Amino acid sequence: MDYKTVAVLAIVFLSTVSSARVVPLPIIEKPDGVANLFDNSKYGLLQLSNGLAQTPQMGWNSWNFFACNINETLIKETADALISSGLADLGYNYVNIDDCWEALTRDIKGQLVPDSKTFPSGIKALADYVHGKGLKLGIYSSAGVFTCQVRPASLFHENDDAATWASWGVDYLKYDNCFNLGIKPIDRYPPMRDALNSTGRTIFYSLCEWGEDDPALWAGNVGNSWRTTDDITDTWESMTSIADLNDKWAAYAGPGGWNDPDMLEVGNGGMSYLEYRSHFSIWALMKAPLLVGCDVRNMTKETLEILSNKEVIAVNQDPLGIQGRKVKVSGTDDCLQVWAGPLSGNRFAVVLWNRCSEAETIQVSWDTLGLDSSITLSIRDLWKHEDVVTDAVGSFGVAVDAHSCEMFILTPKLSHFKI
Ligand SMILES: *[C@@H]1O[C@H](CO)[C@@H](O)[C@H](O)[C@H]1NC(C)=O
Ligand SMILES: *[C@@H]1O[C@H](CO)[C@@H](O)[C@H](O)[C@H]1NC(C)=O
Ligand SMILES: *[C@@H]1O[C@H](CO)[C@@H](O)[C@H](O)[C@H]1NC(C)=O
């Protein structure tokens, strides 16, 4: 079978970005009208070179469950729970404090200080505790004059605040967008990049300008991730609409800088088990940050099962780092969906996502993946943890429950490779 132009480009591209790991795909073509899984045309071009975010960040953030009800005891217990639950071993290593850690005003020297009632031992002591567990500590501010909860924020204080965090041993900054004086994000976010860099401490820089000025277009050399949407809420409607908005920017994600559709709601009670499974599967496929947003000190068995799915996490952390995307829709309001993306080792991750209100069969055909229909693939189910088919040809389909998804890895037979 002939290589098509796209195949050659994809192979050149794949081998360039990851020469040690990627064997050229044997047969790739791009039929007209099919979403190009390999379009990562902006990938790697602009990425911030602080050495971080080679794969999407993983960890926990206080906001989705606790909002302002935080304190140093909670943060320590969360670090302990990340270890005892096994989540830390699976890669969840950032412990990120969101808004409300600060006192209402700066001190007389103009420095940020923690709230003395809720963080009496200070952030440095907390960072030491978290580091002692082998984890990393994240902090929060806004590229404005106040944070969203009206604490002091860092616009025009970039160098001082970055130096303060670095001196405490902070590893991560989530930088919000409240009280921004109407100044454009592209003018407000780079100064903090430079301030963080000049501390000499390697600090993950997470932009949170809510996708307002299409940050995928300019944030690649500013931050390690950029929010593409408004805040998520713990509902099916919010989660599905955010997934769709984030999908638009797939070509701009890659090692060093990721699209961020906001933190996980898994375990917070507003969605069903199957809906949370969809949420986690799609976030993983989209190479979204996996930042747990529930109370990890008190997770149900089902919540822990979802967050601990090693095979789904491995898709998220795949070294190729290409964001999976929506490749095919059908059904009422396009509710039957195929999402997919290439992985290292010539494999594909595929999510069959049923957003309809009834169980339905969803099918993926090889041409949707840009593969010749004669190729033989073996198929592993990442939720059943089983190899379900060893020799699928042309297409593959399964029944999927309403609001659920099934997730697979498709691997071409070795005999297809020209070795
Ligand atoms: C710390 O925060 C947690 C979570 O909101 C709360 O349950 C606990 O009572 C707080 N502890 C203190 C000492 O304020
Ligand atoms: C600062 O930026 C330079 C140039 O991008 C980079 O090589 C260096 O690793 C950065 N340092 C830190 C501490 O982020
Ligand atoms: C633990 O979570 C359950 C719901 O899953 C809740 O009913 C219970 O109050 C929580 N316990 C604590 C101590 O927060």
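Counting starts at 1 for both ligands and their atoms, in listed order. Treat the numbers as computed from the prediction; the structure is a model and nothing was measured.
In this structure, S121 contributes its side chain and A125 its backbone to no donor-acceptor pair below 3.5 Å.
Looking at ligand 3, you won't find any N or O of T300 less than 3.5 Å from one of its N or O atoms. For ligand 2, none of its N or O atoms has an N or O atom of N50 under 3.5 Å away. Where the criterion is an N or O separation shorter than 3.5 Å, residue side chain and backbone included, T202 fails it with respect to ligand 2.
Remark: the Y129 side chain and the D80 side chain contain an N/O donor-acceptor pair separated by less than 3.5 Å. Between N50 and T202, the side chains place no donor N or O within less than 3.5 Å of an acceptor N or O (distance only, hydrogens not considered). Side chains of S62 and D98: no donor on one and acceptor on the other come within 3.5 Å. Defined by atom type and a distance below 3.5 Å, a donor-acceptor pair is present between the side-chain atoms of W210 and D176. A donor-acceptor pair shorter than 3.5 Å cannot be found between the side chains of R227 and N177.
Sorted by chain then number, the residues whose non-hydrogen atoms approach ligand 1 to under 4.0 Å are F66, N69, N71.
Within the listing of ligand 2, atoms 13 (C) sit less than 4.0 angstrom from a heavy atom of R201. The atoms of ligand 3 that sit less than 4.0 Å from any heavy atom of N298 are 1 (C), 2 (O), 3 (C), 8 (C), 10 (C), 11 (N), 12 (C), 14 (O).
With F204 as reference, Y172 is the one residue of Y172, W258, Y175 to meet the ring-ring contact (aromatic ring centres under 6.0 Å, His included) rule.
Taking a 4.0 Å cut-off on heavy atoms, S49 registers as neighbouring ligand 2.
The pair R277-E302 does not count as a salt bridge, with every side-chain nitrogen at least 4.0 angstrom from each carboxylate oxygen.
Ring geometry, H279 versus Y276: the interplanar angle falls from 30° to 60°, so the pair is classed tilted.
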